[in-house]
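Inspection log for the structure reproduced underneath, given as structure tokens.
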Amino acid sequence: MRNEWGYTTGFLHRSTDGGQTWDKSLKCEPKDFKSRYGFLGGETWLWQARSGKVWAFVRVDSNELPIKDRPIKAGNDQADHFILFSSSDGGRAFDRIRDLGDYGEMYMSLLRLQDKRLLLTFTVRDLKPPLGVRAIVGTETDDGFEFDFAHDRIMLDTKTPVGQPQGGGFGPTVQLDDGTLVTSYSYRGEDGHSHLEVVRWKAP
């Protein structure tokens, strides 16, 4: 089945037994997007608050959905950014809430740390060199989270030389039993090739 954008409607898979079996009959239809480039659903990060509310960190096209009061004329997808959507009905429907971060920040992922804080990791693309993976430690509320993007950014990866296009990034993180954080990412070397790397670190 194809929609007005000319591609297949998104599918939603749901499990009620811890992932042993999946209901694959559900479908989802993103609304209020001008084109298929506006909504990059495949890069959405889902996270559930203590209240049960489900948050969706959604990458969007900044020309179609600019940051509030800060329109931009983006020449490519390096200026994409994230918008927060939330659901109070178990993910059946999502409402647009607010912008998160800045232009050129993407591939966001959220982790509950052992000390009850939250860790947000994301990639800074070529709008604000040096490119690479950043992390922010924040706090959890009953209904969501709080992060200060203006201060205390941890620079986990800055290896892509200035002038190299893109460079990878990504940077999802896991925490080991001893508290060590492990972040994997890619970067573009001076040789023009992409390299993969893992960093082990401790949250301040």
Practice problem: Show your working on side-chain contact (heavy atoms from CB on, under 4.5 Å) between Leu156 and Trp201 and close with a plain yes or no. | Solution: CA-CA 9 Å; Leu156 297 178; Trp201 59 290; 3.6 Å; yes
Quiz item: Under 3.5 Å, is there a donor-acceptor pair between the side chain of Thr160 and the main chain of Arg188?
Solution: yes
Quiz item: Same cluster for Val54 and Val60 if Ile/Leu/Val/Met/Phe/Trp/Tyr side chains link at under 4.5 Å?
Solution: yes
Quiz item: Does a side-chain heavy-atom distance below 4.5 Å link Ile83 with Phe57?
Solution: no
Quiz item: From Asp77 CG over to Ser62 OG, what is the distance, rounded to the nearest 0.5 angstrom?
Solution: 9.5 Å
Quiz item: With a 4.5 Å heavy-atom cut-off, do Val58 and Phe94 have their side chains touching?
Solution: no
Quiz prompt | For the student: nearest non-hydrogen atoms of Asp157 and Lys159, plus distance | solution = OD1-N, 3.0 Å
Quiz item: For Asp89, what residues pass the side-chain contact (heavy atoms from CB on, under 4.5 Å) criterion, not counting sequence neighbours?
Solution: Ser87, Arg92, Ala93
Self-check item: Heavy-atom check, side chain of Leu181 versus side chain of Leu113, under 4.5 Å
Solution: yes
Quiz item: Nearest 0.5 Å, what's the CG-CD1 distance between Asp102 and Ile67?
Solution: 4.5 Å
Exercise. Quick one: do Tyr185 and Val199 satisfy side-chain contact (heavy atoms from CB on, under 4.5 Å)? Show the steps, please.
Key: CA-CA 8 Å; Tyr185 53 84; Val199 61; 3.7 Å; yes
Quiz item: Is there a chain of hydrophobic side chains (I, L, V, M, F, W, Y, each step under 4.5 Å between heavy atoms) that links Leu84 to Leu110?
Solution: yes
Quiz prompt | CD1-OG1 distance between Ile136 and Thr121, expressed to the nearest 0.5 angstrom | solution = 10.0 Å
Practice problem: With rounding to the nearest 0.5 Å, note down the distance linking CZ in Arg200 to NZ in Lys202. | Solution: 8.5 Å
Exercise. Could you point out which residue of Tyr107, Phe82, Phe149 forms a ring-ring contact (aromatic ring centres under 6.0 Å, His included) with Phe122?
Key: Phe149
Quiz item: Taking everything shown except Asp152 itself, do over 12 heavy atoms lie less than 6.0 Å from its CG?
Solution: no
Quiz prompt | Minimal non-hydrogen separation, Ser15 against Thr21, with atom names | solution = OG-O, 2.9 Å
Self-check item: Sidechain N-carboxylate O distance under 4.0 Å for Asp99, Arg70
Solution: no
Quiz item: Are Phe170 and Leu196 close enough that some pair of their side-chain heavy atoms sits under 4.5 Å apart?
Solution: no
Quiz item: Measuring from Gln175:CD to Asp115:CG, what's the distance to the nearest 0.5 Å?
Solution: 7.0 Å
Quiz item: Linking I/L/V/M/F/W/Y whenever their side-chain heavy atoms sit closer than 4.5 Å, directly or via other members, would Leu120 and Leu111 fall into one cluster?
Solution: no
Self-check item: Closest non-hydrogen atom pair, Asn63 against Ile72
Solution: OD1-O, 3.1 Å
Quiz item: Once you round to the nearest 0.5 Å, how far does CD of Glu105 lie from CZ of Arg134?
Solution: 9.0 Å
Quiz prompt | Residue pair Gly171 / Thr183: nearest heavy atoms and the distance that separates them | solution = O-CG2, 3.4 Å
Quiz item: Among His81, Met108, Glu43, whose side-chain contact (heavy atoms from CB on, under 4.5 Å) with Arg59 holds?
Solution: Glu43
Quiz item: With a 4.5 Å limit on heavy-atom distance, are the side chains of Arg153 and Val124 in contact?
Solution: yes
Quiz item: Could Glu140 and Arg112 be called an ion pair, given the rule that one side-chain N must be under 4.0 Å from one carboxylate O?
Solution: yes
Practice problem: Grab the two heavy atoms, one from Leu176 and one from Gln114, that are nearest each other, plus how far apart they are. | Solution: O-NE2, 2.7 Å
Exercise. Output yes when Arg50 and Asp142 qualify as a salt bridge under the 4.0 Å nitrogen-oxygen rule, no when they do not.
Key: yes
Practice problem: Taking all non-hydrogen atoms of both residues into account, name the closest pair between Ser88 and Lys53 and its distance. | Solution: OG-CE, 3.7 Å
Quiz item: Quick one: does Ile97's side chain get under 4.5 Å of Trp55's, heavy atoms only?
Solution: yes
Quiz prompt | Working for side-chain contact (heavy atoms from CB on, under 4.5 Å), residues Leu118 and Trp47 | solution = CA-CA 11 Å; Leu118 297 179; Trp47 184 83; 4.0 Å; yes
Quiz item: Looking at side-chain heavy atoms only, is the closest gap between Ser51 and Thr141 below 4.5 Å?
Solution: no
Quiz item: Val198 versus Val182: any side-chain heavy-atom pair under 4.5 Å?
Solution: yes
Quiz item: Taking a hydrophobic cluster as the set of Ile, Leu, Val, Met, Phe, Trp and Tyr residues connected by side-chain heavy atoms closer than 4.5 Å, whether directly or through intermediates, do Phe145 and Leu119 fall within one such cluster?
Solution: no
